[in-house]
Structure formats: structure tokens, C-alpha cells
Amino acid sequence: MNPMDNELTPRDNEFGLAKAAAESAPILDQSAGSFFKQLQGFWVTFIMQFKKVNTVQYPEVKEPTAERFHGRHQLNRHPDGLEKCIGCELCAWACPADAIYVEGGDNTPDAQFSPGERYGKVYQINYLRCVFCGLCIEACPTRALTMTNEYELADESRSKLIFEKEDLLAPLRAGMLMPPHPMYPGSTDTTYYKGEVPGADPSQGATTNV
Amino acid sequence: MGLEEKLPSGVVLTSVEKLAGYMRKSSLWPATFGLACCAIEMMAAGAGRYDLARFGMEVFRASPRQADLMIVAGRVSNKMAPVLRQIYDQMAAPKWVIAMGACASSGGMFNNYAIVQGVDHIVPVDIYLPGCPPRPEMLMDAILKLHENIGDAKLGSNRERVIREVEAAALAAKPTIQITGLLS
């Protein structure tokens, strides 16, 4: 082996290697300035004991998400309990990941699920495909589909993460009635979309007081 | 594995199961398998604010021999698939897999020729975690759900019984191609 291999050649000096080697050397320098610098480093460690802890104790303490966080979807209801979804499939068309599957069905006088002619008969969202982009929310013409702030969705099989209509539908609030039931007396679908239906009427069936 | 696999079922085995489950779940070391943007959230979960060290899993091992859990964070391309399988094979049993994010779980929005449509085509997945990317809390939620499963894991003859039951259920299940009509 050539003893010159470990020497710095003029070419190395061009790249400043000699300078870097000289600067990295004084690790074991015991001068007063170096001691003060070490003390400064330990002082940072010491003072951190008295700082506020940054950690969120997650499973016990759940910090609220941002107000408009994109979480699990929800299918909303009109004030009298009828579903807002009309089965138009615009959400499924807007979805970039093809995560939504909708099948529309016809409302009949015996089984009225939503105001108007059509309702979402089958509504599935595959959460393993969903990228929570919110394009389905933008596409929805009746504001039936919105997103909640719920995010704890992990599960152990693929089939459990395909959410059905029952899993996505909003719960019945006070004054709502579980569909199917007839529309509010004297109303059309336009009345519903204008927000002029106050709540379930006794003529539509017995109201729940949940 | 060891002695615990040869114990007869009954009081002794159930106590050993509980102890082994407690110990396995309390020091689960993940292998680093960050492939895409999910890895950023995985790193955040390991950092100070979310602090996976609270669950005994702050050490992300670069060597698969020292890891128990593979968090597949990100999309897996067809070229990466054999690498992923090799890392999994190199991990010492017992080992677990979390498919983190939409891409690892099912391919997500990348439904194309380059991306594996879910890592469960390559390795057995224990927990699927949706989200794009999932926030660190979601990852921790998945990890805690996995901890629960690990804590209840069976050993020895009980384990063999569970495996037989799962196998029987899988054989009895109707194949997807025979399912007709509405999927509900």
C-alpha cells in the first residue's frame, strides 16, 4: 500500500478537506471555552425538566380535531326523519378512488324513505379505498352526505371496513321518525329542500322521543 | 416455539397465555417500513407529541430480525412486493402486520398496474387502517386494537383449536364469485 494514500493531496485541499479535518479535531480540547460549551449543552437538558410536557396522552385524552377534519361519512336526515339521500350516485361518480357504491330505489306510497321519487336503496363506502378527499361531499346535491370528525376506524378484516347504509346513517334525533313513513302533510320535495318542514307530524306516525 | 407450546390446556396454559400475551403486547418493536406519505405520520407517532414509547414501542428497528411488527406505511409497488415479503420472512415469529393507510390496505386510489392492491396479497395482515394518510391517533388506535388481539392470543393446544376453527369457517364461507344480488 502506498503510504501516500492517507496523506492529503493538493486535490483534496481544493475541496477544503484539510480544513474540515482541522476543524473536527479538537473534540478532546480541554480549554475553558469548550468546557463552557459543554455546560451550555447540559443546561438545555436540565431546563427541559421544568418545561411543559408536549405529549398528548392519546387513548385517555383525545384532543378534538380541527373543526372541518375529514373523518367518517354520515348520511343525514330531514327534520322529520326522512333520509336526504336520493340515490343519484353523484358521490360515486365524483369519487376518485371508486370507494362508493350506490343503488337507487323507487319510493312508493307504502314505503317512503326520502322526499320525492327516489332514495338510496344500497349505500356502501369502502373505507379501505376512501382517501377522505371530500369530493363526494361537494358533489352531493341534497347535502345528504357530510363528514364527521370520527377517525377511529381500524379493523381486522376488509369486509368489516365496508360500511353499509345502516352504519353511515345519522341517528334519529328528538322529533324524528324512523322511515319509511309518508311525507309531511301538504308538502312536496321542494318544501323539504327549502327547510320548511319543522319535524315529524303526528299524522306521519308516532314520534320518537330519543 | 418453546415450552409454552407443549403445555396441556387448562389452568396452567391459560395463565401462561395471559402472561405471554401481556409481555408480547407490551414490548412490540416495529420494523421500519415507510414507503410513502404514511411514513411521515408514522414518524410523527414515534415523536414527542404522540410518543409511542408510552406503549413500549419507541424503537423502530431497521433490522427485521429484531422486529415483531411490520407497519406497512404507504403504497407497495409490484417491484417492492418481493422485498416486503423478504423482510416479513426475515422477522422472527411471533410477528404481526399493520396495513397503514388506504394504499397499503387495498391500493387506495391507485387502482393501476403498478401498485399491489393491498399488502394482504403478499403478507397476512392483522389490522387494516384506513385514512390517507391516517393521523397519528388513528395509527395508535390501530396499534392498541392490535395489542388487544395479541393479549388474547392463544397458545399450544388452544392455538391449534383456534386455527382449526378459522380454517373450517374459511372453507364453509361462500366464495365471492358465488355471491349474487345485493352485497348487504
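Just so you know, these numbers come straight off a predicted model, no measurement behind them. In what follows, chains are A, B, ... by sequence order, proteins preceding strands, each numbered from 1.
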* Has A/Arg72 got its NZ or CZ under 6.0 Å from the middle of the six-membered ring of A/Tyr127, at an angle within 45 degrees of the ring axis? ->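 No, a cation-pi geometry is absent between A/Arg72 and A/Tyr127.
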
* Please confirm whether A/Lys121 makes a cation-pi placement over A/Tyr101, using NZ or CZ under 6.0 Å from the six-membered ring centre and within 45° of the ring normal. =>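 Judged by the rule, A/Lys121 and A/Tyr101 form no cation-pi pair.
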
Short side-chain donor-acceptor distance under 3.5 Å, [Y] and [X]:
{"X": "A/Tyr151", "Y": "B/Asp141", "answer": "no"}
{"X": "A/Ser203", "Y": "A/Asp201", "answer": "yes"}
{"X": "A/Thr146", "Y": "A/Asn76", "answer": "yes"}

* To do: Tell me, for A/Leu161 versus chain B, whether the close heavy atoms (under 4.5 Å) come from the side chain, the backbone, both or neither.
  =>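 Only the side chain of A/Leu161 comes within 4.5 Å of chain B.
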
* To do: Could you pull out all residues at least two apart from A/Asp167 that satisfy side chain to side chain donor-acceptor pair (under 3.5 Å)?
  =>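 Applying side chain to side chain donor-acceptor pair (under 3.5 Å) to A/Asp167 gives none.
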
* To do: Could you tell me which portion of B/Leu144 (side chain, backbone, both or neither) has an atom closer than 4.5 angstrom to a non-hydrogen atom of chain A?
  => side chain

* **Options B/Met140, B/Glu137, B/Lys145, B/Met138, ranked by heavy-atom pairs under 4.5 Å with chain A, top entry** => B/Glu137

* Asked: Does CZ belonging to A/Phe69 count more than 12 external heavy atoms closer than 6.0 Å?
  ->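 Yes, because the 6.0 Å sphere around CZ of A/Phe69 holds more than 12 heavy atoms from other groups.
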
* **salt_bridge(A/Glu83, A/Lys165) N-O dist < 4.0 Å** => yes

* Closest-packed option against chain B by number of heavy-atom pairs under 4.5 Å, given A/Lys160, A/Gln57, A/Glu63 -> A/Gln57

* Structure fact -> Within residues 36-53 of chain B, the residues sitting under 4.5 Å from chain A by heavy atom, in sequence order, are B/Gly48, B/Arg49, B/Tyr50, B/Asp51

